[in-house]
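The next block holds one structure in the form of structure tokens; read it before the comments.
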2 protein chains.
Amino acid sequence: MDKDKISEALEQAEAGRPTLKTLAFMTGLGVTTVSRALKDAPEIGAETRRRVQLVAKQIGYRPNRAGVRLRTGKTNVISLVLDTEEQVGGFVSDMIYGISEALAATPYHLIVTPYSRNNDPLEPVRYVVETASADGIIISRTEPDDKRVRYMSERGFPFATHGRTDMGIEHPYHDFDNYAFAVEAVRKLAALGRRRLALLAPPANLSYYHHMRNGFADALVDCGLSEVPFPAATVDHSIEHIRARTTELMNRRLRPDGIVSGASASAFALVAGVEDAGLGIGTDLDIVSKQSSRLLHLLRPQLYVVNEDVRLAGAELARAVMGRIAGAPVISLQSLNRPTTVEAHTSQQK
Amino acid sequence: MDKDKISEALEQAEAGRPTLKTLAFMTGLGVTTVSRALKDAPEIGAETRRRVQLVAKQIGYRPNRAGVRLRTGKTNVISLVLDTEEQVGGFVSDMIYGISEALAATPYHLIVTPYSRNNDPLEPVRYVVETASADGIIISRTEPDDKRVRYMSERGFPFATHGRTDMGIEHPYHDFDNYAFAVEAVRKLAALGRRRLALLAPPANLSYYHHMRNGFADALVDCGLSEVPFPAATVDHSIEHIRARTTELMNRRLRPDGIVSGASASAFALVAGVEDAGLGIGTDLDIVSKQSSRLLHLLRPQLYVVNEDVRLAGAELARAVMGRIAGAPVISLQSLNRPTTVEAHTSQQK
DNA sequence: CTCGCAATCTGTAACGTTTCAGTATAGAAA
DNA sequence: TTTCTATACTGAAACGTTACAGATTGCGAG
């Protein structure tokens, strides 16, 4: 062993974090051997392997991410692409917790890549792909014909979507079954004797709009109910907007006696709007809402809710991207979350 | 110019992203010169600088993060250390949006480093510092004597805290003035003729517990009111817990006729608990609550609220860490957000 | 004319990792 | 003995960047 090497390695060990060179010096092996021993390569002797791994653990060796990334191109990063105009009280925190949970035992880090709804949603995706700043991407607000999905598919870039598409491309996704949700909701209202229903739907460009709408429409037919159109508001609109439009709706000649709300935060606005019109939930009409926090029916026990587990969705999506990166078959990375049954407040006395 | 170099550079340009080598080839300059020209080094001719920068922009050159990171140790990453047990409907999304906003025009990426409240809060911080996986850290749930603050200070690692400390260490922070909030809240209740107040406080280990408590206590004295102790619940407890404890509180012989709530989500539980006891907000008692979303008084217009702008806090914290990294004087990186005045619902008719 | 010096530019090495193309050794086959 | 092969290991090169230590040029001063 050269004098050069020894002094180099000693300097190493004195100061900062251990590197492969440090380990090589301590074990008396070559850097290459150490690198291979740590990743259980077959051409390393069993005893050597154990020895290296032991020393590595002892001195707390952790591979330098920049080194790996530069050499291999692997970033060990998952990017969550987020719309920063998302509703307040939004589900984003839960989503992040879910993803973190799934990433915790892996070498992956989670990085948040924001964009504004006003800008091109493709832009953040293109940025990540072009600069190769992550190994995989998670997106939401999926559209039936989604150009982000097309873009990433064409380039073979791993991703998972929160929501399904309808463009003949198989890809990993996790979705809440909004069709089933709408069906359940309508059935519940029918069972309560309601006849004329309205739907506070998602914006029409998103995939789950169609699922929810179809479920709503099919169940209406099924139960022999009629619809009161309510296209003026979507769950994406501001609280104030939804509230005002709802009041208008309730002041029409033929107002609904049941409403299905497609999102949690918007249900707050919906309730306020209904009450602005002087009507009572549970008396003049009933409401079934999706709920991602558990706060909604604390203050309006008369509401019926269906819980959507966003944290689970996050975990599922993270697993899906990682699966895709690892080369798992796409079909095995698609999952659909069935809604729980419609839930009334426990201490509800109507 | 060697043949070697030319062919190398050509291969470069054909395939992937442009690198400094590509730029060097295109401009006919050396790699070093290009590198320096791009960062406006003084020893580069004005014309050369312009030429390099033009070509770089034209072909969309973006420095390879791994290369920079490996060479310089600079990650261009800010880590947000998050407690994943945080209340649902939490403020985390807004915080992230705020941070993203401030980071948007910079080279910084945001990475989320989670930990569970049950584990050692120092652990994620130590991980980031030891592996140098970020240039700066943002933490919340700050304690008066915070070991994370001590740890990072001792190592000179840049950070900013959401909340202040009290340990004789100057560091960047952003905080909401919870003392002022509590004072305002008590004054409001006093003005409404309330006499016996309770406080739904933060957990006692956190810094803002003390601020809020002191404000509450001082204002009580000031207004000549008395306190009904309510130590059984904190804003960190589960919805169900707060709700049940509140009901107990309201069934006591001497129950409060006014409550100050230190957080948004917990106010929902508080209201539910009060109403479980058969009492009415605005009649039997009044409540003043902090609010980070705008949903709370949609359903209980009788509530009084003070808005806390968490998005702003996020942006402020991001600016603070970046300032610290850039070497700005610490004192200039400390900010306190005064609460807005107590707000009643606009269409409130009592 | 030469020297010194400022102004510009350049090659090499290094950051920590993995991959490629070996080398050394020992035992088996010829 | 020689040759071959499998096993266990190794050095050098490369990923893209920046820092260090020059190199080249032009020009005014001596």
Side-chain angles (χ1 to χ4, degrees), chain A residues 1-2 4-5 7-9 11-13 15-25 27-52 56 59 61-76 107 130-133, chain B residues 1-2 4-5 7-9 11-13 15-25 27-52 56 59 61-76 107 130-133:
Chain A
M1 197 182 283
D2 313 63
D4 272 13
K5 277 194 199 167
S7 65
E8 254 186 274
E11 276 170 43
Q12 260 296 332
R17 320 166 42 187
T19 70
L20 287 181
K21 213 194 295 188
T22 323
L23 281 180
F25 176 66
T27 55
L29 296 164
V31 175
T32 306
T33 312
V34 172
S35 171
R36 279 149 115 103
L38 287 176
K39 48 175 56 73
D40 288 321
E43 62 267 67
I44 301 295
E47 207 241 340
T48 307
R49 198 202 324 280
R50 274 192 302 114
R51 201 157 57 90
V52 171
I59 66 173
Y61 167 77
R62 288 181 181 276
N64 179 307
R65 307 192 121 232
V68 176
R69 181 164 167 179
L70 181 57
R71 178 65 234 240
T72 65
K74 172 130 211 217
T75 62
N76 284 307
E130 281 181 0
T131 65
S133 54
Chain B
M1 199 182 286
D2 313 63
D4 272 13
K5 278 195 198 166
S7 65
E8 253 187 277
E11 275 170 44
Q12 261 296 332
R17 317 167 43 188
T19 70
L20 286 181
K21 213 194 297 189
T22 323
L23 281 180
F25 176 66
T27 55
L29 296 164
V31 175
T32 305
T33 311
V34 173
S35 170
R36 280 152 115 100
L38 286 176
K39 48 175 57 73
D40 288 320
E43 62 268 67
I44 301 294
E47 208 241 341
T48 308
R49 197 199 329 277
R50 274 193 304 112
R51 202 156 58 88
V52 171
I59 66 174
Y61 168 76
R62 289 181 180 276
N64 179 307
R65 307 191 121 231
V68 176
R69 182 163 165 179
L70 180 57
R71 178 66 236 243
T72 64
K74 170 130 212 212
T75 63
N76 284 307
E130 280 182 0
T131 63
S133 53

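We name chains A, B, ... by the order of the sequence lines, and we start the count at 1 in each one. What you see is a predicted model; the values in this text were computed from it and never measured.
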For the pair made of [atom1] in [X] and [atom2] in [N], what is the distance, rounded to whole Å?
X	N	atom1	atom2	result
B:Leu23	C:dC9	CG	P	15 Å
B:Arg62	D:dT17	CZ	C1'	17 Å
B:Lys74	D:dA19	NZ	P	12 Å
B:Arg69	C:dA14	CZ	P	23 Å
B:Arg49	C:dA7	CZ	P	13 Å
B:Leu20	D:dA14	CG	P	17 Å
A:Arg17	C:dG16	CZ	P	9 Å
B:Lys39	D:dT17	NZ	P	9 Å

What nucleotide, of [options], holds the atom closest to the side chain of [X]?
X	options	answer
B:Arg36	D:dC20, D:dG16, D:dC9	D:dC20
A:Glu43	D:dC9, D:dT17, C:dT12	D:dC9
A:Thr32	C:dT19, D:dT18, C:dC15	C:dT19
B:Leu70	C:dG16, C:dG11, D:dT18	C:dG16
A:Leu29	D:dA14, D:dG16, D:dC9	D:dC9
A:Arg71	D:dT17, C:dG16, D:dT10	C:dG16
A:Lys21	C:dC15, D:dC9, C:dT18	C:dC15
B:Asn64	C:dT18, D:dT17, C:dG11	D:dT17

Item to complete: Keeping the roles fixed (side chain from A:Arg17, backbone from B:Thr131), state whether a donor-acceptor pair exists under 3.5 Å.
Response: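 Yes, because the side chain of A:Arg17 sits within donor-acceptor range (under 3.5 Å) of the backbone of B:Thr131.
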Worksheet item: Does A:Thr27 reach the main-chain N or O of A:Leu23 with its side chain, forming a donor-acceptor pair under 3.5 Å?
Response: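 Side chain of A:Thr27 to backbone of A:Leu23: a pair is present.
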Worksheet item: B:Gly67 or B:Ala46: which one's nearest nucleotide on DNA chain C is closer to the 5' end?
Response: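 So the residue in question is B:Ala46.
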Discussion item. Please confirm whether the shortest side-chain N or O distance from B:Tyr61 to OP1 or OP2 of D:dT17 is below 4.0 Å.
Written reply: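 For B:Tyr61, the contact criterion (side-chain N or O under 4.0 Å from OP1 or OP2 of D:dT17) is met.
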Discussion item. Whether B:Thr48 contacts C:dC9 is assessed here as follows: a side-chain N or O lying under 4.0 Å from the phosphate OP1 or OP2. Is that the case?
Written reply: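 Looking at the OP1 and OP2 atoms of C:dC9, one of them is under 4.0 Å from a side-chain N or O of B:Thr48.
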Fill in: Atom pair OG (A:Ser133) and CG (B:Asn76), whose distance is rounded to the nearest 0.5 Å
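So the OG of A:Ser133 and the CG of B:Asn76 are separated by 12.0 Å.
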Fill in: Any N/O donor-acceptor pair, A:Ser35 side-chain to C:dT19 base, under 3.5 Å
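Between C:dT19 and A:Ser35, which were checked side chain against base, a qualifying N/O pair under 3.5 Å is absent.
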Discussion item. Using the side-chain contact (heavy atoms from CB on, under 4.5 Å) definition, which of the options B:Thr32, B:Val52, B:Leu38 pairs with B:Leu20?
Written reply: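 Answer after filtering B:Thr32, B:Val52, B:Leu38: B:Leu38.
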Worksheet item: Which part of the nucleic acid does B:Gly30 contact within heavy-atom distance under 4.0 Å: base, sugar-phosphate only, or nothing?
Response: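 It contacts sugar-phosphate atoms only.
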Worksheet item: Got a sec: does the CZ of A:Arg62 have more than 12 other heavy atoms crowding it under 6.0 Å?
Response: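 Atom CZ in A:Arg62 is not packed in, count stays at 12 or less.
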Worksheet item: So does A:Glu43 pair up with A:Arg36, basic N to acidic O under 4.0 Å?
Response: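 Here A:Glu43 pairs with A:Arg36 in a salt bridge, since their nearest N and O are under 4.0 Å apart.
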